[in-house]
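Down below is the structure, laid out as C-alpha cells.
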There are 2 protein chains.
Amino acid sequence: MAATVREVAQLAGVSPSTVSRVFTAPDQVQEATRKRVTDAAQQLGYRPDPAARTLRSGRTESLGLVVPDIANPFFPPIVKAMQARARNHGYTLLVADCDEREADELETIDAIVKKVDGLMLWASTLSDGRLRELAAEIPLVLVNRHVEGIPELRISLTPGISQAAEHLRALGHTSCVFVNCSRPEHLRGKSIRETFDAQGLSVVELGPYDPRFETGLHAATLAVANGATAILAHNDLVAIGVLHQLARSGVDVPGQISVIGVDDTLLAAMSIPALTTIRISPQAVATQAADLIVETINGSAPGRPAEVGSRLIPRASTGPAPHRA
Amino acid sequence: MAATVREVAQLAGVSPSTVSRVFTAPDQVQEATRKRVTDAAQQLGYRPDPAARTLRSGRTESLGLVVPDIANPFFPPIVKAMQARARNHGYTLLVADCDEREADELETIDAIVKKVDGLMLWASTLSDGRLRELAAEIPLVLVNRHVEGIPELRISLTPGISQAAEHLRALGHTSCVFVNCSRPEHLRGKSIRETFDAQGLSVVELGPYDPRFETGLHAATLAVANGATAILAHNDLVAIGVLHQLARSGVDVPGQISVIGVDDTLLAAMSIPALTTIRISPQAVATQAADLIVETINGSAPGRPAEVGSRLIPRASTGPAPHRA
DNA sequence: GTGAAAGCGCTAACAT
DNA sequence: ATGTTAGCGCTTTCAC
C-alpha cells in the first residue's frame with residue numbers, strides 16, 4: 001500500500017530515478033522500461049508521496065484561493081469552475097474563507113501560504129504594504145483589488161451598467177436609485193452615476209450600507225418615498241430584499257417599480273418575479289484568475305491586468321416606467 | 001524569509017531539536033529557552049515547512065471533504081462551518097467537488113488522499129467494496145451513506161418530516177403530494193409515507209426525478225391536477241420551482257396550496273412567499289462530521305453512527321387548507 | 001530539558 | 001536513456 005520509489009524500482013529492476021522519471025517526465029524514459037515501471041507501480045499500488053515530492057522539488061502542485069465569504073452565493077460557482085481549471089493545469093485548489101475579517105485574512109493566508117505554489121486573494125482587505133511583502137514571498141494574484149506591481153484580475157461592471165442604463169431608458173425610466181454597499185474607494189457609485197447621467201437618467205445614491213438582505217428592505221422604502229421608478233441594487237441579495245419589501249407594501253414589480261441586481265446568483269433566476277441582473281460569468285472569472293496565477297508562477301505573467309466584463313440579463317423585474325400620476 | 005530550523009537554532013544558541021520542540025511540544029522546553037527560540041524565529045520570519053513536517057511525521061494536518069456539488073446552495077454553509085471547526089482542531093480543510101459523477105469521484109479522491117489525514121465523503125457513489133478499501137487506507141467518514149464498519153454521520157429528516165406532517169394536519173390538509181428526487185435506496189419516500197399516514201394524511205408520491213428547478217415546475221402541474229392542497233418537495237430548489245409554476249398558473253400560495261421544502265438554504269428565506277422548509281443545521285452537520293473524522297484519526301471513534309436531526313421552519317408558504325369546493 | 005544522529009520519500013545534478 | 005549520489009527541512013529516537 002505504502003510503496004516507495006525504491007520498492008517499485010527494485011520490482012521493475014531499475015533505479016529509483018527512473019521510477020521518478022516515469023511519473024514526472026515519462027518521455028525521458030524508453031517505452032519498454034516505462035511499461036515495466038508502470039506495471040510494478042500498479043502491482044504495488046504505488047502513489048507518489050506529495051509531501052516528499054514537495055520537499056524535494058519545492059513545488060506543491062496546489063493553488064490557494066482566499067475568499068471573503070464562501071457562503072455568499074456568488075462564490076460557489078467560481079470555486080467550482082476554478083477547481084476544474086486548476087486541475088487542468090495540474091493543480092489542486094485549496095479554498096480558504098476568511099469570514100470578511102481582516103485579522104482572519106492574515107491568519108487564513110498564513111495557514112496556507114506554505115502549502116501552495118500561488119495565491120489568489122479576492123478583494124483583500126490587507127494593506128498595500130502587506131500585499132507587496134506577500135507578493136515577494138509567493139506568486140500572488142489580486143482579484144478586485146489594485147496594488148501597483150501585483151498581477152491583477154479586474155472585474156468590470158461597466159458594460160453591464162451601461163446596458164442597464166440603456167435598458168431602463170428604453171423602458172422610459174428617468175428617476176433611479178442606486179443602493180450602494182461598496183466601500184467608497186471602490187468607486188462603484190461614481191461609475192454608475194456617470195453612466196446613468198450619460199443616458200439622461202437621474203440617480204440618487206443610497207448608502208453605503210452592508211450588502212445584506214435587510215439593506216434591501218430598508219432601501220426599498222426609501223426609494224418609494226423618493227418617487228424613483230427603478231432601483232439598481234448593489235447585488236442580488238440586496239435586490240431580493242428590495243423585492244420583498246415592495247411585495248410587502250403592495251408595490252407591483254415591475255408595474256410600478258423596476259429592480260435590477262448584480263451578480264446573477266441563483267437567487268436572481270429564482271426570485272418572483274425573476275430578477276433582471278448584471279451577470280459576471282463565474283467561468284470567466286475562475287478561468288482568468290487561475291490562468292493568471294499559473295502564468296505568474298511560471299514567470300510568464302503579462303504586465304497588464306486581466307479583465308472580465310459583465311452583461312445585463314433582462315428578466316421579469318424590469319418593465320416600462322409607470323405613467324405619471 | 002525561508003529560514004530553517006537550523007538557522008533558528010543557531011541564532012538562539014540551541015539545537016534544531018529544541019526549535020522543533022518549541023513548535024510541536026512547547027511544554028517540553030523550558031520557559032527561558034522557549035523564549036529565546038521564539039524570538040529568533042520571529043526575527044528570521046521562520047515558518048515550519050509543512051511538507052518537511054509531513055514527510056517526517058506522517059501527518060498532514062489536513063482534512064479532506066468531498067462533496068457532490070459545491071454550487072448546490074446546501075453545501076457552502078457546511079463548508080464554511082467545517083473549515084472553522086477543522087481549524088479549531090488544528091487542521092486545514094481541503095474541499096473537493098466531484099461534480100456528481102462517479103468517475104470524477106474516484107479521480108477527485110485520488111487527487112487528495114495523500115494530502116490529508118482523513119477523508120469525509122458526502123453521499124459517496126462508490127461501491128461498498130471500494131469504500132472499504134479506502135477505509136483501510138485512510139481514516140474515513142461517510143455522510144449520508146452506510147457501509148458496515150465505516151464511521152458514519154447520518155442526517156435524519158424524520159423529526160422535520162413529523163413536524164411537517166403535524167403542521168399540515170393542524171392546518172386542515174388531508175391530501176398531499178411528495179416530489180421525490182432520491183434514489184430509491186434512500187427510502188426517503190417510504191419514511192414520508194409512513195409518517196404522513198400516521199397523521200392521517202394521504203400522500204401521492206411523484207418521481208423519482210432529478211432534484212432540479214424544472215422538476216418543481218413539472219410537479220406543480222401534476223399536483224394541482226391531483227387536487228392536492230399541500231406539496232412537500234425534495235428540497236428547496238424543487239420547492240421554488242413549484243412556487244414559480246403555481247405563480248405562473250395563478251394558484252395562490254398558501255391560499256390554495258401549501259408548499260414545503262427541505263434544507264433551508266438561503267433560497268427558502270428569500271422566496272416570495274418565504275418558504276416553509278425542513279432545516280438541517282449546517283453547523284451541526286459540519287461540527288459532527290469534523291469531530292467524527294478527528295476521532296477516527298485518533299482511533300477514538302465511537303462505534304455507533306453520529307446523527308444530526310432536522311426541524312420544521314414554518315414560513316409563509318404554508319397556511320390553512322382551502323375549504324372544499 | 002536538551003543535543004546528536006538518522007532518515008522520512010522523493011527528485012535533481014551529475015556521471016555514465 | 002539510465003544509474004549514483006546527495007539532500008530538501010523536519011521530527012524522532014536515543015543518549016546524556
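Just so it is clear: chains get the letters A, B, ... in the order the sequence lines come, proteins before strands, and each one is counted from 1. All of these numbers come straight from a predicted model, not from anything done at the bench.
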Could you tell me whether [X] and [Y] make a salt bridge, using a distance below 4.0 angstrom between a side-chain N and a carboxylate O?
| X | Y | result |
| --- | --- | --- |
| A:Asp291 | A:Arg85 | yes |
| A:Asp49 | A:Arg53 | no |
| B:Asp263 | B:Arg279 | no |
| A:Asp97 | B:Lys80 | yes |

Interatomic distance, [X] [atom1] vs [N] [atom2] [rounded to whole Å]:
| X | N | atom1 | atom2 | answer |
| --- | --- | --- | --- | --- |
| A:Glu7 | C:dG9 | CD | P | 8 Å |
| A:Asp49 | D:dC8 | CG | P | 18 Å |
| A:Lys114 | D:dG9 | NZ | C1' | 9 Å |
| A:Gln28 | D:dT2 | CD | P | 10 Å |
| A:Arg34 | D:dT2 | CZ | C1' | 14 Å |
| A:Arg59 | C:dA12 | CZ | P | 5 Å |
| B:Lys35 | C:dT2 | NZ | P | 15 Å |
| B:Gln10 | C:dG3 | CD | P | 13 Å |

Proximity to the side chain of B:Thr18 - top-ranked nucleotide from D:dG9, C:dG3, C:dT11
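In terms of side-chain proximity for B:Thr18, the closest of D:dG9, C:dG3, C:dT11 is C:dG3.
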Return the nearest nucleotide to the side chain of B:Arg56; candidates are D:dT2, D:dC10, C:dC10.
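Looking only at heavy atoms from C-beta outward on B:Arg56, the closest nucleotide is D:dC10.
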Less than 3.5 Å between a donor and an acceptor, one on the side chain of A:Arg21 and one on the base of D:dG3, is that the case here?
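Such a pair is found, so the answer is yes.
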Does any N or O donor sit under 3.5 Å from an N or O acceptor when you compare the side chain of B:Ser17 with the base of C:dA4?
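Side chain to base: pair found, below 3.5 Å.
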Hey, is the main chain of B:Val141 close enough, under 3.5 Å, to the side chain of B:Glu152 for a donor-acceptor pair?
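Such a contact is absent between B:Glu152 side chain and B:Val141 backbone.
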Would you tell me if any nitrogen or oxygen in the side chain of [X] comes within less than 4.0 Å of OP1 or OP2 on [N]?
| X | N | value |
| --- | --- | --- |
| B:Ser15 | C:dG3 | yes |
| B:Arg6 | C:dG3 | no |
| B:Thr33 | C:dT2 | yes |

Just call it for [X]: base, sugar-phosphate, or nothing, with non-hydrogen atoms closer than 4.0 Å on any strand.
| X | answer |
| --- | --- |
| A:Ser20 | base |
| B:Val29 | sugar-phosphate |
| A:Val14 | sugar-phosphate |

So which one's nearest nucleotide on DNA chain C is more toward 5', A:Leu55 or B:Gln30?
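Mapping each residue to its closest nucleotide by heavy atoms, the 5'-most match is B:Gln30.
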